[in-house]
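Since the structure is predicted, the reported quantities are computational estimates derived from the model, not experimental observations. Just so you know, ligand 1 is whichever comes first in the structure, and atom 1 is the first atom listed for that ligand.
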Amino acid sequence: MQAITVHDRDAGAGGLALTELPHPHAAENDVVVRVHAAGFTRGELDWPGTWTDRAGRDRTPSVPGHELSGVVVELGYGTTGLTVGQRVFGMADWTRNGSLAEYTAVEARNLAPLPADVDHTVAAALPISGLTAWQGLFEHGRLAAGQTVVIHGAAGSVGSVAVQLAREAGARVIATGRSADRETGLALGADVFLDLESERLEDAGQADVVFDVIGGEVLDRSAALVCAGGTLVTIAAPPEVRPVDGRAVFFVVEPDRAGLTALVQRVRDGRLKPAVGEVRPLAEAPAAFAPGGGRRGRTIIRVVPDGPAAEGSR
Ligand SMILES: NC(=O)c1ccc[n+]([C@@H]2O[C@H](COP(=O)([O-])OP(=O)(O)OC[C@H]3O[C@@H](n4cnc5c(N)ncnc54)[C@H](OP(=O)(O)O)[C@@H]3O)[C@@H](O)[C@H]2O)c1
């Protein structure tokens, strides 16, 4: 099968190449998925799990990409809940070969059934952004109706989903981002937009939850916005400045079948729209990975081209 692989830690995105790899094996509790669409995170080439397995052993050449949408083609021993031919979407393991490939082996519990009326491109943009926003707001931040939340980077992949979910949950949403993101932030449902390039973050006022995706100085200054008993949640890095009378949480998103099911239901009934950016074929994944400005939304790699023939493709 064809896959995008990396083997040289120092090469950055320039080390990504389209390669021929053996078909993956479905281990116990795994399924093999024919990948139709896949997402990736540009920073993942810096993550230890890209290079080593759980025991710290070199696992190169490795396949990047940790979110996918596709069709189950094989079940491993003991796998329950999914069937061959079923449409699925979800997250690939951090320390195994990922989704930038024609086929990938994934633990079945990391996937959820994908309804027939949701396109693979949209579904591939949902797992990491959607679960991160959900877990950050409601599990770690304990956000409730009537509370105020500040959501940084609201025009980005995670932030845009967070704004929509927080709004739906009945929170007052203060979105932040660059000057050019104001219209997007407000269109997503934010009550207020704070432009971090020309306005003072401190003018956002006090919030029950601050959800940070940016880190650095923005994260440091966010601690002061958290009201007594509130929570600073970040996905960027462990916070160095903590709220005086509140919690500070850094977390890494976890796979969650029930969460995926709740998210995709929102997509189906129009309550949630993940931010899909460029859509490119597998051979162009190395170019799509390269750093560069001006990209909006999640870049999706369409491994099987869209269209009526796609669903029949195994
Ligand atoms: N811990 C976890 O589980 C987890 C999960 C998902 C993602 N992440 C990480 O979280 C970060 C965000 O992910 P994402 O997918 O949402 O990224 P993204 O789509 O690039 O969104 C980030 C948003 O924040 C904006 N932004 C960045 N720096 C800013 C600044 N100084 N002032 C104003 N706006 C700023 C960006 O604008 P521009 O595009 O104009 O820069 C963009 O709109 C990434 O580093 C990602 O690796 C962590």
Side-chain angles (χ1 to χ4, degrees), residues 13 38-50 64-67 90-95 98 110 124-141 150-166 174-188 190 193-201 203-204 210-222 232-239 248-256 259-260 263 273-278 288-300:
F40 60 88
T41 303
R42 286 194 176 79
E44 69 185 73
L45 299 183
D46 296 328
W47 301 344
T50 298
H66 294 289
E67 55 190 347
M91 286 173 60
D93 198 296
W94 306 119
T95 54
N110 294 358
L126 196 55
I128 292 183
S129 308
L131 290 175
T132 304
W134 183 282
Q135 291 165 14
L137 291 173
F138 305 121
E139 294 176 10
H140 300 291
V150 172
I151 297 172
H152 291 314
S157 303
V158 176
S160 63
V161 173
V163 170
Q164 294 171 78
L165 293 176
I174 301 170
T176 85
R178 302 193 187 276
S179 313
D181 298 334
R182 178 178 298 278
E183 213 174 293
T184 305
L186 294 173
L188 288 167
F193 183 85
L194 195 122
D195 162 8
L196 292 175
E197 292 177 318
S198 68
E199 294 177 277
R200 272 171 35 89
L201 176 55
D203 293 341
V210 178
F211 187 15
D212 167 63
V213 307
I214 296 173
E217 194 208 353
V218 171
L219 172 58
D220 290 347
R221 288 168 62 196
S222 292
L232 172 62
V233 180
T234 179
I235 58 171
V249 180
F250 165 69
F251 77 100
V252 175
V253 59
E254 290 184 17
D256 172 14
L260 289 172
L263 288 161
K273 205 170 171 217
V276 176
E278 287 181 316
F289 231 96
R295 290 191 177 100
R296 275 279 177 91
R298 201 115 183 113
T299 301
I300 296 301

I need the nearest protein heavy-atom contact for [atom]: residue, atom name and distance, please.
atom                    : answer
atom 40 (O) of ligand 1 : R178 NE, 2.8 Å
atom 24 (O) of ligand 1 : G153 CA, 3.3 Å
atom 19 (O) of ligand 1 : S157 N, 2.9 Å
atom 45 (O) of ligand 1 : V213 O, 4.6 Å
atom 10 (O) of ligand 1 : I235 CD1, 3.2 Å
atom 3 (O) of ligand 1  : V253 N, 2.7 Å
atom 46 (C) of ligand 1 : T41 CG2, 4.3 Å
atom 5 (C) of ligand 1  : T132 OG1, 3.4 Å

What's the spacing between [X] [atom1] and [Y] [atom2] if we round to 0.5 Å?
X    : Y    : atom1 : atom2 : answer
L131 : E139 : CG    : CD    : 8.5 Å
I235 : F250 : CD1   : CZ    : 8.5 Å
S157 : E67  : OG    : CD    : 8.0 Å

Inset, instruction - Classify the ring geometry between F289 and F40 as parallel (under 30°), tilted (30 to 60°) or perpendicular (over 60°). - result: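 Aromatic pair F289/F40 classed parallel.
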With the side chain counted from C-beta on, respond yes when [X] and [Y] share a heavy-atom pair under 4.5 Å apart, and no when they do not.
X    : Y    : result
V158 : V253 : no
R178 : T184 : no
T299 : R42  : yes
L219 : L232 : yes
S129 : R298 : yes

Less than 3.5 Å between some nitrogen or oxygen of [X] and one of ligand 1, yes or no?
X    : value
F250 : no
F251 : yes
V158 : yes

Inset, instruction - Compare A133, A125, G156, G43 and give the one whose heavy atom is closest to atom 42 (C) of ligand 1. - result: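 Looking at heavy atoms only, the winner is G156.
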Legend entry - Between E197 and S179, a side-chain donor and acceptor under 3.5 Å: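 Checked: E197/S179 side chains pair up, N/O donor to acceptor below 3.5 Å.
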[atom] protein-contacted (non-hydrogen atom, under 4.0 angstrom):
atom                    : value
atom 33 (C) of ligand 1 : yes
atom 17 (O) of ligand 1 : no
atom 28 (N) of ligand 1 : yes

Legend entry - For ligand 1, the portion of L196 having any non-hydrogen atom under 4.0 Å away: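 It is the side chain that gets close, since no backbone atom is under 4.0 Å.
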Legend entry - Region of I128 that comes within reach of ligand 1 [heavy atoms, distance under 4.0 Å]: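 It is the side chain that gets close, since no backbone atom is under 4.0 Å.
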Legend entry - ligand 1 contacted by R298 (non-hydrogen, < 4.0 Å):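 Judged by the 4.0 Å heavy-atom criterion, R298 does count as contacting ligand 1.
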Inset, instruction - I would like to know whether H66 and T41 meet side chain to side chain contact (heavy atoms under 4.5 Å, CB included); could you show each step before the answer? - result: CA-CA 8 Å; H66 294 289; T41 303; over 6 Å; no
